[in-house]
Structures are given as C-alpha cells and as structure tokens.
Amino acid sequence: MNKNDDAFDVCIDDAFDFLSEEYATLFDGSDATAFQHPLWLDSLYRKLAPAAAAKPLVVVVRSRATGALAAVLPMLRVRRGPMRTIEFADLRVSDYLAPVCSIKTFAELLQDGRTCQKLRQLLRPFDLLRIPKLLDAKMPIENLFGAPHRSLMDTNAYATVLAAPFEQWQLNALGKSYMKELAKKWRQIHKKGTLTFSCCNDAASIGEAMETMRKFRGPRFHAQGDGDLLQRPEYFDFYSSVALRGMGSFTRLYAMKMDGNVIATALGLIHRDSLLVVMTAFDVEGYKSQSIGALTFESVAKDCIERGGRVLDFTIGDEPYKMQFGGQPTPMSSVTQAGSAAGSLALFALKQAPWIKQAAKRVTDLRPIRTSTGTR
C-alpha cells in the first residue's frame, strides 16, 4: 500500500457553493487560472449550464485528517449528440482549464492510490472525457484520470510581458516601425473629435459598454454559423453579470469613446499580476483606417502598466496582432479518454481520413446538444 493512501476523501457535490469562503481560500492558494475564479464558475454553473442542458459534476477532495477543502475539479456532464461526455466547466467561455488546488497538493493526490481509484469510479458512466485548453503539465490531469498522454492542440495562447515605463514597453514589444505607424493612427483619430479611454466604474457604464459590444460583434461574426455567442441571451447575461459583479476586483471593462459615444470595448479578467483579455469589440466600419483595434490594445497595455501589471494575456487564438504586441506563444494541450465502445470508435474516427473526422466531430466535438455554433 502506498504510504499516502487514504490521505484524502473524494465525493461528488453538485450543489457545491463556489462563492463560499472555503472555496475562495482554496482558489487564492491554488495554481488554477482566472477561469476557475469563484465569480466565473458561479455564473457559469448558474447561467450557462442550464441553458446548455449540462449537468454539474463537481469533484470535491478534502483532507481526511482535518476535513479541509484540498481540491476541486469543476466539471460538467454534457450530452453531445448520442455521446455522453464529461468535461471541465467551459461551455466555450473559458480559455484555460485547470484543477483548483496547489501543485503540491495535486502531487500528493496522485500518490493517494485509493482516492484516485475512487475518483475514477465516481466519474462513470461516460462515453468520452474531454479536457482541452491545458496550459502546461505541472498538474498532469491525465494521470489523475488514468487517461492516455495529452496531445497538442492546433492553437496557442499568447501573452506579452509588461514593463514600466510604458514607452520602454512600446519599444521592446512593438518596435520602432510599428510605434511610428500607431502614432500616425493616433493623430488621425484625434482629428475626428474628443477621444477618451477609461474603465467602466458603475452599472450604467458597464451596461452601455456591453450593449455596444453586442452591437459591434453581431455583424462581424454573422457569417460564422449562428454568429457571435454574445448575441445569445444566456451568454450576454453571463458576461454582463461577470463584468458587473467583478468590477474593480476581478474584471476590468474598458470603453473608448468618441464625443461621448462608445467606439471600442475590451473585457478583461484580473488574476494576480495579469490581465486576461476575454472579449473585445470595435466600430470597425467607422474607424477601420485608424486601426481602432490596435489603438485599443495599446491603451489597455498602458493602463495595465500604470496599475503595476506585469502581463497582458491575449489568451487562446493565433491572430497576428498578438505577436505585433509582443505576445509570445504558449502551446496548448488536451486530454481525451474513451469510457465506452462508442467513445473508442469516436476517438478512432477523429484520427482517420478528413471526411470521417468531420463526421465524427459533428457527433462528438463540439457543441452541447441544444446549442449551435458561435465565435467568442
């Protein structure tokens, strides 16, 4: 018997309170990401999960000796076509997924053979276990689940390191040529009227910025399936609620205005010394020649530096602008595991010829059964 067997108790608690003091304490001492923050997960489980017909699957691990909360795995059961999948709480809004615990606790948990065995039993039955969007292997979740080795995703995350003063960061991240180009764009846009840039600091300004964000994003993503997630009431409610509830502590919603009218917005999550950009929108039709998106990101970086921020995280996606702002790529990985013959067949099909892969994706990948495509 392993010397650490029976160090933990594990159970499923689908009514777990992510706003509880014990979870806040666990999160603060954990190596989880902003997307496991109490407000984020509370809103996701209350607002998005019911709309997606997803059922909570919250794995709670406690110290057997003290009863103290040691780890939480925020997961969901989601029916995707005929497939019964289990996955981390994401529903297309979370860019990084991670267990909520410290690296040290996770290592101890892996050494507790009985707890690992009990955890795997609690997760069944399922056809597919899917955990994408893993940043690194410091907490090898695949070992906890007894799953195959993780595989690389076909996308990266990008973050730029900030440094004071702002002008020095500009030089290091943008380079003289791009700095000169953006300076020209600033001169052009200032000629159009009175330009302001600030954080929304009350319910009225947050509501205005979110409504404007929805308006700008609708036409932009109209050609991609059913368009932007923000056009769907449950997602608009989710992002608006997070922006308002987290104002000043967990979230930062920026608004650029021309003569008092919002022309650009950016929603970010505050996590330790980083700001993670999760959603943006711009009046491209009115200010395309002024590169309004680039001017917004430069303004966000400047504000973060003035606040003492050290990292501006552009999160997942290989858009070229991220490298223009000094973003360095971080590979993302995923873990998949079959839990039935049907799941094994689906995973096999995903590795075969392209037409088979696309057919399998329609069944297994990708969207909750009662929702359709969209772009964050």
Side-chain angles (χ1 to χ4, degrees), residues 34 92-93 95-96 133 135 153-163 166-190 195 197 199 209 212-213 216-224 227-230 239 252-258 262-271 274-306 309-332 374-376:
R92 302 163 65 191
V93 297
D95 282 53
Y96 306 142
K133 305 179 182 179
L135 267 173
M153 297 179 64
D154 59 0
T155 188
N156 299 292
Y158 291 80
T160 182
V161 176
L162 303 174
F166 170 67
E167 293 74 17
Q168 185 62 52
W169 172 81
Q170 280 182 302
L171 186 61
N172 295 341
L174 308 182
K176 291 183 178 180
S177 177
Y178 196 41
M179 284 177 62
K180 184 177 180 180
E181 179 181 341
L182 291 185
K184 178 181 177 181
K185 302 298 184 181
W186 279 116
R187 291 192 295 271
Q188 291 176 356
I189 199 169
H190 276 294
L195 188 72
F197 182 82
C199 279
T212 304
M213 185 180 289
F216 288 156
R217 290 176 64 90
R220 177 183 174 191
F221 295 112
H222 180 69
Q224 304 182 32
D228 170 51
L229 285 178
L230 209 61
Y239 284 111
R252 204 177 291 160
L253 180 58
Y254 293 98
M256 181 179 286
K257 295 184 178 183
M258 176 64 72
V262 178
I263 61 172
T265 62
L267 175 63
L269 308 182
I270 305 165
H271 187 59
S274 301
L275 181 79
L276 295 80
V277 179
V278 296
M279 185 166 285
T280 57
F282 318 105
D283 183 359
V284 177
E285 183 177 344
Y287 297 90
K288 182 178 181 179
S289 60
Q290 282 75 48
S291 302
I292 188 169
L295 298 187
T296 300
F297 286 123
E298 189 177 39
S299 299
V300 169
K302 183 177 182 181
D303 180 75
C304 288
I305 290 172
E306 291 174 349
R310 300 184 63 183
V311 176
L312 178 58
D313 191 337
F314 295 109
T315 62
I316 290 181
D318 293 297
E319 296 87 349
Y321 77 83
K322 296 179 180 180
M323 297 192 72
Q324 285 183 306
F325 279 84
Q328 297 299 310
T330 298
M332 304 296 294
T375 303
R376 183 168 74 78

Validation row: [X], [Y] side chains within 4.5 angstrom (heavy atoms):
| X | Y | result |
| --- | --- | --- |
| L276 | Y96 | yes |
| M213 | L253 | yes |
| T280 | L267 | no |
| D313 | H271 | no |
| S274 | R310 | no |

- Query: Ignoring hydrogens and geometry, is there a side-chain-to-backbone donor-acceptor pair from D228 to G218 under 3.5 Å?
  - Reply: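 Checked: no pair found.
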When you measure from the side chain of T160 to the backbone of F325, do you find a donor-acceptor pair of N or O atoms at a distance under 3.5 Å?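 Yes, the answer is positive, given that a donor and an acceptor are paired below the 3.5 Å cut-off.
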Please name the pair of heavy atoms, one in [X] and one in [Y], separated by the smallest distance, quoted to 0.1 Å.
| X | Y | value |
| --- | --- | --- |
| A209 | T265 | O-CG2, 3.7 Å |
| C304 | L162 | CB-CD1, 3.6 Å |
| A301 | W169 | CB-CH2, 3.6 Å |
| I189 | I263 | CD1-CD1, 4.3 Å |
| V277 | F297 | CG1-CE2, 4.2 Å |

Where at least one partner belongs to residues 287-298, residue pairs that pass side-chain hydrogen bond (donor to acceptor under 3.5 Å, both in side chains), sequence neighbours excluded: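 Those involving residues 287-298 are Q170-E298, W186-E298.
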Over 12 foreign heavy atoms within 6.0 Å of NZ, K302: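 Incorrect, the count does not exceed 12.
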With rounding to the nearest 0.5 angstrom, report the [atom1] to [atom2] distance, [X] to [Y].
| X | Y | atom1 | atom2 | value |
| --- | --- | --- | --- | --- |
| E167 | N172 | CD | CG | 11.5 Å |
| Q188 | L295 | CD | CG | 9.0 Å |
| L269 | M279 | CG | CE | 10.5 Å |
| Q324 | E181 | CD | CD | 7.5 Å |
| Q328 | N156 | CD | CG | 11.0 Å |
| L182 | L174 | CG | CG | 6.5 Å |

TODO: Give the intermediate values and the outcome of side-chain contact (heavy atoms from CB on, under 4.5 Å) for residues L135 and M332.
DONE: CA-CA 5 Å; L135 267 173; M332 304 296 294; 3.6 Å; yes
Verify whether one side chain among Y158 and D318 offers a donor that lies under 3.5 Å from an acceptor in the other.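 Indeed, the side chains of Y158 and D318 share at least one donor-acceptor pair under 3.5 Å.
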Test the K322-F314 pair against the cation-pi criterion, namely NZ or CZ under 6.0 angstrom from the six-membered ring centroid and within 45° of the ring axis.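 No, K322 does not lie over the aromatic ring of F314.
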| Working for side-chain contact (heavy atoms from CB on, under 4.5 Å), residues L171 and M179 | CA-CA 7 Å; L171 186 61; M179 284 177 62; 4.2 Å; yes
Residues that Y254 engages under ring pair (Phe, Tyr, Trp, His ring centres under 6.0 Å), provided they are two or more places apart
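In terms of ring pair (Phe, Tyr, Trp, His ring centres under 6.0 Å), with neighbours along the sequence ignored, Y254 is linked to F197.
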- Chi angles and distances behind the side-chain contact (heavy atoms from CB on, under 4.5 Å) call for V284, F216: CA-CA 8 Å; V284 177; F216 288 156; over 6 Å; no
